[in-house]
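A short worksheet on the structure shown next.
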Amino acid sequence: AHAGSMKRVLVPGMSAMLPAGGRGSKKAHHILASALDAICEAPAARWDSHGDNFEDVTIRRLRHGGYLLGAQLFDHTFFGVPSAEASVMNPLQRLLLENSYGSLHTSGLGKADVLGTGTGVFVGCWSGDYNRVLDRGPKRHSIYALSADAAAVMVGRVSFLLGLQGPCTSMDTACSASLVAWHSALRAVQLAESETSLVGGVNMMFTTSFGALMALAGMLTMAACNQAP
């Protein structure tokens with residue numbers, strides 16, 4: 001198809017979980033429109049960012065970051081996930097399930113409306129360092145450990161939960177992953193490769209080691225936190 005013949009695509013609903021307690025599409029739009037800063041100093045419950053290990057100029061860059069509040073909370077019964085599996089699975093999978101369902105809800109749709117349709121799922125994601133957490137814990141030998149951290153499983157859960165029959169793919173292009181997922185979802189709808197699409201991005205870091213490597217490489221800023229009103 002020629003670019004000029006591409007049909008317009010409607011975005012009827014959106015869901016989000018952002019740092020500093022930001023939830024929902026209205027909050028996301030408010031943060032973007034107002035150029036608010038959701039970066040804050042590391043909560044004491046996460047790690048002691050004032051300890052001796054953070055005195056080096058590069059390590060001190062870890063004192064600030066984007067922290068999700070309540071990311072550990074998950075209504076596994078609502079999504080039909082056994083408690084034993086929910087305790088092992090990567091929290092990224094939980095966030096993706098919650099926000100995929102939330103985006104349908106804000107669109108005025110339910111599972112019955114999309115069940116069996118050619119709806120595609122396109123997600124920019126990075127499975128990240130959760131495997132390090134899992135390997136150090138008692139659940140590393142769980143039968144659910146195999147599917148706990150795979151990006152393919154992460155996205156496949158959404159299609160399985162909602163009974164979707166369209167394309168289902170995860171994408172990792174680093175910082176542009178969500179934009180690439182959005183582009184792919186848009187083209188899939190315009191080219192009739194899927195009837196409709198769920199598109200999103202999800203990312204979390206669970207250990208200080210990866211952040212420390214980025215700090216040492218000079219990939220993090222030393223700018224002070226600008227608290228949002």
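Keep in mind it's a predicted model, so treat the numbers as computed, not measured.
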Donor-acceptor pair, distance only, cut-off 3.5 Å: does the side chain of [X] make one with the backbone of [Y]?
{"X": "Asp129", "Y": "Met205", "result": "no"}
{"X": "Arg187", "Y": "Ser184", "result": "no"}
{"X": "Ser34", "Y": "Leu36", "result": "no"}
{"X": "Lys139", "Y": "Ala84", "result": "no"}

When rounded to the nearest 0.5 angstrom, what distance separates [atom1] in [X] from [atom2] in [Y]?
{"X": "Asn131", "Y": "Asp135", "atom1": "CG", "atom2": "CG", "result": "5.5 Å"}
{"X": "Leu96", "Y": "Ser170", "atom1": "CG", "atom2": "OG", "result": "10.0 Å"}
{"X": "Leu68", "Y": "Leu73", "atom1": "CG", "atom2": "CG", "result": "11.5 Å"}
{"X": "Met171", "Y": "Cys125", "atom1": "CE", "atom2": "SG", "result": "9.5 Å"}

Checklist entry - Taking the side chain as C-beta and beyond, is there a heavy-atom pair between Val88 and Leu134 under 4.5 Å? => result yes
Checklist entry - Should Ser194 and Val189 count as side-chain neighbours, where that means a heavy-atom distance under 4.5 Å? => result yes
Please give me the minimum heavy-atom distance between [X] and [Y], naming the atom from each residue.
{"X": "Ser197", "Y": "Ala185", "value": "OG-O, 3.7 Å"}
{"X": "Cys168", "Y": "Val155", "value": "SG-CG1, 3.5 Å"}
{"X": "Leu69", "Y": "Met17", "value": "O-CE, 2.9 Å"}
{"X": "Leu164", "Y": "Thr119", "value": "CB-O, 3.5 Å"}
{"X": "His76", "Y": "Ala86", "value": "CB-CB, 3.7 Å"}

Checklist outcome for this item: ring-ring contact (aromatic ring centres under 6.0 Å, His included) pairs touching residues 147-174, sequence neighbours excluded, are none
Checklist entry - Using 30° and 60° as the class limits, which term best fits the ring planes of Phe74 and Phe79: parallel, tilted or perpendicular? => result parallel
Next on the checklist: Val199 vs Val123, test: side-chain contact (heavy atoms from CB on, under 4.5 Å). Steps then yes/no.
Outcome noted: CA-CA 6 Å; Val199 57; Val123 178; over 6 Å; no
Checklist entry - Does any pair with a residue in residues 157-166 pass side chain to side chain donor-acceptor pair (under 3.5 Å), and if so which ones, sequence neighbours excluded? => result Glu85-Arg157, Gln93-Arg157
Checklist entry - Which pairs count as side chain to side chain donor-acceptor pair (under 3.5 Å) when at least one residue sits in residues 97-109, sequence neighbours excluded? => result Ser15-Asn99
Item to check | Derivation and outcome, side-chain contact (heavy atoms from CB on, under 4.5 Å), residues His64 and Asp37 | outcome: CA-CA 11 Å; His64 297 89; Asp37 191 351; over 6 Å; no
Decide whether [X] and [Y] are clustered together by the hydrophobic rule: side chain heavy atoms of Ile, Leu, Val, Met, Phe, Trp, Tyr closer than 4.5 Å, transitively.
{"X": "Phe78", "Y": "Leu198", "result": "yes"}
{"X": "Met14", "Y": "Phe122", "result": "no"}
{"X": "Leu162", "Y": "Val153", "result": "no"}

